[in-house]
Amino acid sequence: MSSRNATIDLPPTAASVPASRHLVLELLRVWDAPHDREDAALLVTELVSNVVDHVGGEANLTLELEISDDWLRIAVVDGSSVRPVVRELSMERPRGRGMRMVQAIADRWGADDHLGGKRVWFELRPPAR
């Protein structure tokens, strides 16, 4: 497989959460990606939800996908410089588990500064053959 990539701008609204999930599933299907599509869709849902919940209205939201034989890299870019935090689980806080899921499922993940905002990304390897 050669490398492929896609960049999609979305509004930072709640409707972008399921839209980003469906876009990732459809692109990975069309690209015939060997990577776990459901894991990719779940993790992108978490990253886009974070932008909608914590950054919201004024920020730009861009979804980036890049795939090669060895890796699938998905990133969400927004206009806020505040980095995501992996929180400790707490019975007092019913939310805040999204980045813990990203940390547990992704093979690699991170956040980089990007044009005054940030790019939060994760990478998945294809399953062993």
Side-chain angles (χ1 to χ4, degrees):
M1 172 192 297
S2 62
S3 67
R4 297 177 187 214
N5 59 56
T7 302
I8 302 144
D9 292 324
L10 297 167
T13 62
S16 292
V17 177
S20 64
R21 179 181 184 86
H22 294 298
L23 284 165
V24 165
L25 287 169
E26 184 62 15
L27 273 173
L28 295 181
R29 184 192 66 76
V30 168
W31 289 347
D32 196 26
H35 305 80
D36 189 312
R37 296 173 193 169
E38 291 299 324
D39 281 353
L42 173 65
L43 298 184
V44 81
T45 298
E46 292 303 325
L47 295 187
V48 172
S49 292
N50 278 351
V51 173
V52 171
D53 290 349
H54 301 294
V55 179
E58 311 271 326
N60 294 323
L61 168 60
T62 302
L63 180 61
E64 301 173 338
L65 291 88
E66 184 177 355
I67 190 171
S68 71
D69 290 332
D70 297 329
W71 288 98
L72 168 63
R73 180 181 174 108
I74 298 178
V76 174
V77 178
D78 68 60
S80 170
S81 61
V82 178
R83 300 282 181 103
V85 175
V86 178
R87 296 185 183 187
E88 294 298 319
L89 297 178
S90 169
M91 297 304 278
E92 289 89 44
R93 244 186 354 254
R95 299 190 57 201
R97 292 170 170 78
M99 292 311 298
R100 184 166 287 283
M101 283 195 301
V102 172
Q103 182 180 50
I105 295 170
D107 292 297
R108 294 190 292 221
W109 78 277
D112 305 314
D113 293 335
H114 181 73
L115 303 174
K118 68 180 169 299
R119 173 183 283 119
V120 182
W121 55 269
F122 66 86
E123 294 178 343
L124 297 173
R125 282 186 285 235
R129 296 178 186 197

Evaluate the salt bridge (Lys or Arg N to Asp or Glu O under 4.0 Å) criterion for residues Lys118 and Asp78: first the C-alpha distance (whole Å), next the side-chain angles of each, then the deciding distance (0.1 Å), finally the verdict. CA-CA 6 Å; Lys118 68 180 169 299; Asp78 68 60; 3.0 Å; yes

Quick check on the hydrophobic clustering: are Trp121 and Val44 connected, directly or via other members, by side-chain heavy-atom contacts under 4.5 Å? no

Within-4.5 Å side-chain heavy-atom neighbours: Trp71 and Leu124: no

Distance from Arg100 atom CZ to Ile105 atom CD1, nearest 0.5 Å? 12.5 Å

All heavy atoms of Ile67 vs all of Ala33, minimum pair found to be CD1-CB, 3.4 Å

For the residue pair Leu72 and Ala40, what are the closest heavy atoms and their distance? CD2-CB, 3.9 Å

side-chain contact (heavy atoms from CB on, under 4.5 Å) partners of Leu27, counting only residues at least two apart: Ala6, Ile8, Trp31, Leu65

Any salt bridge (Lys or Arg N to Asp or Glu O under 4.0 Å) pairs touching residues 7-24, not counting sequence neighbours? Arg21-Glu38

Is any side-chain heavy atom of Val24 closer than 4.5 Å to one of Leu63? yes

Minimum heavy-atom distance Pro127-Pro34, with the two atoms named: CD-O, 2.9 Å

Would you say Ser49's side chain and Thr45's backbone share a donor-acceptor pair under 3.5 angstrom? yes

Please test Arg29 against Arg37 for side chain to side chain contact (heavy atoms under 4.5 Å, CB included), starting from the C-alpha separation and ending with a verdict. CA-CA 8 Å; Arg29 184 192 66 76; Arg37 296 173 193 169; 3.9 Å; yes

Can you list the residues that meet the salt bridge (charged side-chain N to carboxylate O under 4.0 Å, His left out) rule with Glu123, with sequence neighbours excluded? Arg73, Arg108

Say you draw a straight line from CG of Leu115 to OG of Ser81; how long is it, rounded to the nearest 0.5 Å? 12.5 Å

In terms of heavy-atom contacts, Leu47 and Phe122 come closest through CD1-CD2, 3.7 Å

Using a 3.5 Å distance criterion without hydrogens, assess whether the side chain of Ser80 forms a donor-acceptor pair with backbone atoms of Gly117. no

Decide yes or no on side chain to side chain contact (heavy atoms under 4.5 Å, CB included) for Val51 and Val120, but give the supporting numbers first. CA-CA 10 Å; Val51 173; Val120 182; over 6 Å; no

Whether the side chain of Asn60 engages the backbone of Gly79 through a donor-acceptor N/O pair (distance < 3.5 Å, no angle test) should be reported. no

Would you compute the distance between atom CG of Leu23 and atom CD1 of Ile74 and round it to the nearest 0.5 angstrom? 10.5 Å

With sequence neighbours left out, the residues meeting side-chain contact (heavy atoms from CB on, under 4.5 Å) with Asn5 are Glu66

Thr7: what forms a side-chain contact (heavy atoms from CB on, under 4.5 Å) with it, not counting sequence neighbours? Thr62, Glu64

Are Val102 and Leu25 connected into the same hydrophobic cluster when the rule is that any two of I, L, V, M, F, W, Y join if their side-chain heavy atoms are below 4.5 Å apart? no

Residues forming a side-chain contact (heavy atoms from CB on, under 4.5 Å) with His114, sequence neighbours excluded: Val77, Arg119

Atom of Leu10, atom of Ser16 and distance for their closest heavy-atom approach: CB-OG, 3.6 Å

